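Because the structure is predicted, anything quoted here is derived from the model rather than measured. Numbers for residues simply follow the sequence, beginning at 1.
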Amino acid sequence: MLNSLKSPLLLSAMLSATLGLTACSSPSSESTDSTATDSAATDTAADKLDTKFLTIATGGASGPYNIIGTSLSEVYVKTFGVNSKTQTTGASVENVNLLTQGKVDMVLALSDVVTDAVEGKNNFDKPITNIQQIAVLYPNVVQIVTTKKSGIKNIEDLRGKRIAVGDQGSGTEVNARTLLEGFGITYDDVTVDYLGFAEAADGMKAGKIEAAFFSSGLPNSSLMELEQGLDLQLITINQDKLQEIIATKPYFKTFEIPAGTYGNDAAIPTAAIMNALLVSSELSEADGYKLTKALFDNLDGLKTAHQAANDIGLATAREGMVAPIHPGAKKYYDEQAAK
């Protein structure tokens, strides 16, 4: 009888103790779960973009734009899981137009073309106001080539010759025209072929053109291939005259193609124009910040993809910007400067 009474009492006491412990531990458990959930949500937010698609307009399939752009696209896919891809184009002018029209989300373009776009000159009927700059990248080096047997030594010798100036409306074509005009040569003084890098190299091999402009990072893969089967001659640009051009076209800079780049014994004086990385002004500040940060966090991979990326650096990323800076990029650079 006593045992039968003790059992219910003991069970009741044990149950009360268990409930008491549960009640005491409940706030702590809820706090831990909430913190974990908040942390996971923050991590997820940091790893995601507001935009779901990120198309990067580059240039010709064999050029540094496309190689570096493809590598950058892969970074964004890996970092954010975004649907990112590259689009081969006629390069700078077409890229800016595609960005302005909302057909792509990010572009590489030469600073001279971007300057024209912002000011509404040459290839642009009115100022473009819906593009912003993420970074100044690497210099596009003006590489003017001919054959040693042509007798062409400098840019002035191009008068009366048949030359390739790049795809129509490309950055190469824009700076070729500007440089020629700076030396007193108009398109009326030469026979112009609008050819991209690969086509210009083929034209040189076939003897259909006498010289060609290649504006890209160093080295240019089409020129490297051309060097193997042709007695290549790099054309010099007089640096004193170039300084006069720079006075009114400040996006140009003096440059030397290092000896040995294409089998050349000595450095070749030429010109260069910085490349710009642009996005739409509609890109959110948060996305602009994340895309800029991912670019610089993954520079080693870009340098592996193409050696032109060796000239991309945080220290020079804001030097010579020609379009308004994106607020997300500005936030990132300001943070880095404060460290």
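Rounding to the nearest 0.5 Å places CG of D193 at 11.5 Å from CD of E199. Atoms CD and CG, from E173 and L110 in turn, are 11.5 Å apart once rounded to the nearest 0.5 Å. Rounding to the nearest 0.5 angstrom, the gap separating the CD1 atom in I312 from the CG atom in N275 is 8.5 Å. Atom NZ of K85 is separated from atom OG1 of T58 by 12.0 Å, given to the nearest 0.5 angstrom. Atom CD of Q143 is separated from atom CG of N220 by 5.5 Å, given to the nearest 0.5 angstrom. Separating the CE atom in M321 from the NZ atom in K330 is a distance of 11.0 Å, to the nearest 0.5 Å.
Between D189 and K161 no salt bridge is recorded (no basic side-chain N to carboxylate O distance below 4.0 Å). A salt bridge does not link E335 with K339: none of the charged nitrogens is closer than 4.0 Å to a carboxylate oxygen. Using a 4.0 Å cut-off between charged side-chain N and carboxylate O, K293 and D297 make a salt bridge.
Side-chain contact check for K331 versus D334: every heavy-atom pair is 4.5 Å or farther apart. For the pair V113/N122, no side-chain contact is recorded, criterion being any heavy-atom separation below 4.5 Å from C-beta on. Taking the side chain as every heavy atom from C-beta outward, V104 and N95 never approach each other to under 4.5 Å. When side chains are defined from C-beta on, L277 counts as touching L108, because their heavy atoms get closer than 4.5 Å. Contact check for K153 versus I235: no side-chain heavy atoms found under the 4.5 Å cut-off. In this structure the side chain of Q133 never reaches within 4.5 angstrom of the side chain of H326, judged on heavy atoms. Residues P64 and S216 have side chains in contact (heavy-atom distance under 4.5 Å, counting atoms from C-beta outward). The shortest side-chain heavy-atom distance between I185 and V190 falls under the 4.5 Å cut-off.
Neither side chain, T147 nor D231, offers a donor N or O lying under 3.5 Å from an acceptor on the other. Using modelled atom types and a 3.5 Å distance limit, the side chains of D112 and T115 yield no donor-acceptor pair.
Applying the side-chain contact (heavy atoms from CB on, under 4.5 Å) test between Y65 and each of T86, T88, N140, T89 identifies N140 as the sole match.
Within the hydrophobic cluster formed by Ile, Leu, Val, Met, Phe, Trp and Tyr side chains joined at under 4.5 Å, directly or through other members, M224 is accompanied by V141, V145, L195, F197, M204, I209, F214, L218, L223, L226, L230, L232, L234, F255, I257, Y262, I268.
Closest of all the heavy-atom pairs between V82 and F53 is CG2-N, 4.0 Å. Here the closest non-hydrogen pair linking A109 and S92 is CA-OG, 3.5 Å. The two residues T172 and G166 come nearest to each other via the heavy atoms CG2-CA, 4.0 Å. When all heavy atoms are compared, the tightest approach of K241 to F183 is CG-CE2, 3.4 Å. Closest approach of A271 and L242 over heavy atoms only: CB-CD2, 3.7 Å. The two residues A135 and Y333 make their nearest non-hydrogen contact at CB-OH, 3.3 Å.
A donor-acceptor contact shorter than 3.5 Å links the side chain of S170 to the backbone of D167. Under the 3.5 Å distance criterion, the side-chain polar atoms of D287 are left unmatched by any main-chain donor or acceptor of S284. A donor-acceptor pair under 3.5 Å links the side-chain atoms of D157 to the main chain of N154, judged by distance alone. Here the side chain of R159 pairs no donor or acceptor atom with the backbone of T186 at under 3.5 angstrom. Side chain of S150 to main chain of T146: no donor-acceptor pair is present (N/O by atom type, distance under 3.5 Å, no hydrogens or angles). Side chain of N264 to backbone of T261: a donor-acceptor contact under 3.5 angstrom is found. Between the side chain of T79 and the backbone N or O of Y76 there is no donor-acceptor pair closer than 3.5 Å. Side chain of N130 to backbone of T100: a donor-acceptor contact under 3.5 angstrom is found. H306 contributes a side-chain N or O that, together with a main-chain N or O of P219, makes up a donor-acceptor pair within less than 3.5 Å. The closest donor-acceptor contact from the side chain of T292 to the backbone of I134 lies at 3.5 Å or more, if one exists at all.
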For this session: Go through the steps to decide whether E181 and R177 satisfy the test salt bridge (charged side-chain N to carboxylate O under 4.0 Å, His left out), and finish with yes or no.
Result: CA-CA 6 Å; E181 288 175 355; R177 177 161 28 89; 5.2 Å; no
For this session: Walk me through it: do T191 and I163 pass the test side-chain contact (heavy atoms from CB on, under 4.5 Å)?
Result: CA-CA 6 Å; T191 301; I163 61 174; over 6 Å; no
For this session: Applying side-chain contact (heavy atoms from CB on, under 4.5 Å), run through K249 and T178 and close with a yes or a no.
Result: CA-CA 9 Å; K249 311 290 184 185; T178 303; 4.2 Å; yes
For this session: Take K52 and N83 through the side-chain contact (heavy atoms from CB on, under 4.5 Å) test and state the conclusion after the steps.
Result: CA-CA 6 Å; K52 298 295 184 287; N83 184 351; over 6 Å; no
For this session: Report the C-alpha distance between L99 and S280 in whole Å, list the side-chain angles of each, state the deciding distance to 0.1 Å, and finish with yes or no for side-chain contact (heavy atoms from CB on, under 4.5 Å).
Result: CA-CA 6 Å; L99 184 61; S280 167; 4.2 Å; yes
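Atom CD of Q239 sits in a crowded spot, with more than 12 heavy atoms from other residues, nucleotides or ligands closer than 6.0 Å.
Linking Ile, Leu, Val, Met, Phe, Trp and Tyr whenever their side-chain heavy atoms come within less than 4.5 Å leaves I67 and I56 in two separate clusters. Cluster annotation: M274 is connected to L72 through the hydrophobic network of ILVMFWY side chains, with a link wherever side-chain heavy atoms come within less than 4.5 Å.
Screening residues 253-269 for salt bridge (Lys or Arg N to Asp or Glu O under 4.0 Å) gives no qualifying pairs among residues at least two apart or on separate chains.
In this pair, Y187 and Y194 present their aromatic rings perpendicular. The plane angle is above 60°, beyond the 30 to 60° band.
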